[in-house]
Amino acid sequence: MRPGVLWLMAGLSLLIAGCAVTQPESNDPPLLSEASFNARILELESQLTQQCNTQAEFQSRQLDQQQVLTADMREVGSLLRYLRQDVQQLEARDEDPIIIREECEVDDVLTTKTLVGRSEWVGFPEVGTYLQARVDSGANTSSLSATDITRFERDGEDWVRFKLALNEDDVVVESQRDEWIEAPIERRVRILQASGEESRPVISLLMTLGPISENVEFTLNDRTHLVYPVLLGRRFLMDIALIDVADTYLHDRPEFPGGEPTDQAAEDEAADEDDNEE
């Protein structure tokens, strides 16, 4: 047999064998097992049950709201019937309706706050003296007239040492006029003036004014060019005092050892009024 015929027969045999081995591709989805089928059915049943429960809950809420609205409408209708009956009774009497006004209780601010004048005596128990003070709601922080202000450190904290800066006619317990006073510095404030910016220390001192006894913050600065050595600002007045600008010295001067007798205070107050008029 010729070699060419042999090669042709061999090629045909391989071709027939390849066609027999190769399987045609199928686009059909794989068959589900029984377990997968049952799981899918249970999942669909769960979703359907959840949707039914949600719809039932929504319908229940709508029914409740409708019942509440119906009850409110019935109540309004009942009130309207009573109102019509009252109006008919008033019309039958041919009388003017009686108006009852309910008065609101108003707290008397004077029972919770102390009334002070535009000028008052104040006392400093820790210093041992009284001074005259001007009450000024326009100022934020209170101020105390001081001189020889010296900062120093005590136990790791900033303190200040100073003397009262007073004029000859300022009323004070004379034994305390030139005494040194020491206090811790609470903070510092910046004061803007025409001459520039100034930083002042702030201290806290126990102060009395009539029935008031409070720790008050004071800035320290020389006030000898002003009438009063003490100024009381809004921080002190807030929530505890009211100002009667038409009156002065509504409270007695406090007593301190070595101070002038109380009856002398009236003369000092009169002199103060004369100075202000001038």
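Residues satisfying the ring pair (Phe, Tyr, Trp, His ring centres under 6.0 Å) criterion with F218, sequence neighbours excluded, are F124. Residues that satisfy the salt bridge (Lys or Arg N to Asp or Glu O under 4.0 Å) test with R234, not counting sequence neighbours, are absent from this structure. Remark: R74 engages no residue in a salt bridge (Lys or Arg N to Asp or Glu O under 4.0 Å) (not counting sequence neighbours).
Linking Ile, Leu, Val, Met, Phe, Trp and Tyr residues whenever their side-chain heavy atoms come within less than 4.5 Å places I212 and V127 in a single cluster. Clustering ILVMFWY residues whenever any of their side-chain heavy atoms sit less than 4.5 angstrom apart, transitively, puts V230 in the very cluster that holds F162. Y228 and L205 fall into different hydrophobic clusters, where Ile, Leu, Val, Met, Phe, Trp and Tyr side chains are chained together by heavy-atom contacts under 4.5 Å.
Of all heavy-atom pairs between N167 and T224, the closest is ND2-O, 2.9 Å. Residues L250 and E120 approach most closely at N-OE2, 2.9 Å, considering heavy atoms. Counting all heavy atoms, side chain and backbone alike, Q132 lies closest to V171 at OE1-CG2, 4.0 Å. Nearest heavy-atom pair across S145 and A165 is OG-O, 2.6 Å. Residues R253 and P261 share a closest heavy-atom pair of NH2-O, 2.9 Å. Shortest non-hydrogen contact noted between T70 and Q66 is OG1-O, 2.7 Å.
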When you look at V173 and Y130, which way does the side chain to side chain contact (heavy atoms under 4.5 Å, CB included) test go after all the steps?
CA-CA 7 Å; V173 176; Y130 42 72; 3.7 Å; yes
Practice problem: Determine, stepwise, if the pair R134 / L226 fulfils side chain to side chain contact (heavy atoms under 4.5 Å, CB included). | Solution: CA-CA 10 Å; R134 174 193 173 195; L226 301 172; over 6 Å; no
(request) Report the C-alpha distance between V245 and V135 in whole Å, list the side-chain angles of each, state the deciding distance to 0.1 Å, and finish with yes or no for side chain to side chain contact (heavy atoms under 4.5 Å, CB included). (result) CA-CA 9 Å; V245 296; V135 182; over 6 Å; no
Applying side chain to side chain contact (heavy atoms under 4.5 Å, CB included), run through L209 and L232 and close with a yes or a no.
-> CA-CA 11 Å; L209 194 169; L232 298 180; 3.7 Å; yes
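Heavy-atom contacts from other residues, nucleotides or ligands closer than 6.0 Å to CD of Q47 number more than 12. The number of heavy-atom neighbours closer than 6.0 Å to CZ of R61, taken from other residues, nucleotides and ligands shown, is above 12. Other residues, nucleotides and ligands contribute at most 12 non-hydrogen atoms within 6.0 Å of the CD atom of E75. Applying the 6.0 Å contact sphere to OH of Y82 captures no more than 12 heavy atoms from other residues, nucleotides or ligands.
With a 4.5 Å cut-off on side-chain heavy atoms, L164 and P229 do not count as touching. At least one side-chain heavy atom of L206 sits less than 4.5 Å from a side-chain heavy atom of S213. Considering only heavy atoms from C-beta on, M207 comes within 4.5 Å of F236 through its side chain. Under the 4.5 Å side-chain criterion, counting only non-hydrogen atoms from C-beta, L42 is in contact with E45. Side-chain contact check for W159 versus R151: every heavy-atom pair is 4.5 Å or farther apart. At least one side-chain heavy atom of H251 sits less than 4.5 Å from a side-chain heavy atom of P211. Proximity of L220 to L144: side-chain heavy atoms (C-beta onward) are separated by under 4.5 Å at one or more points. Taking the side chain as every heavy atom from C-beta outward, L131 and L166 approach each other to under 4.5 Å.
Judged by distance alone, the side chain of T150 and the main-chain N or O of D148 form a donor-acceptor pair under 3.5 Å. Under a 3.5 Å cut-off, the side chain of S142 and the backbone N or O of G233 do form a donor-acceptor pair.
Between R177 and E174, at least one side-chain N (NZ, or NE/NH1/NH2) sits under 4.0 Å from a carboxylate O, which counts as a salt bridge.
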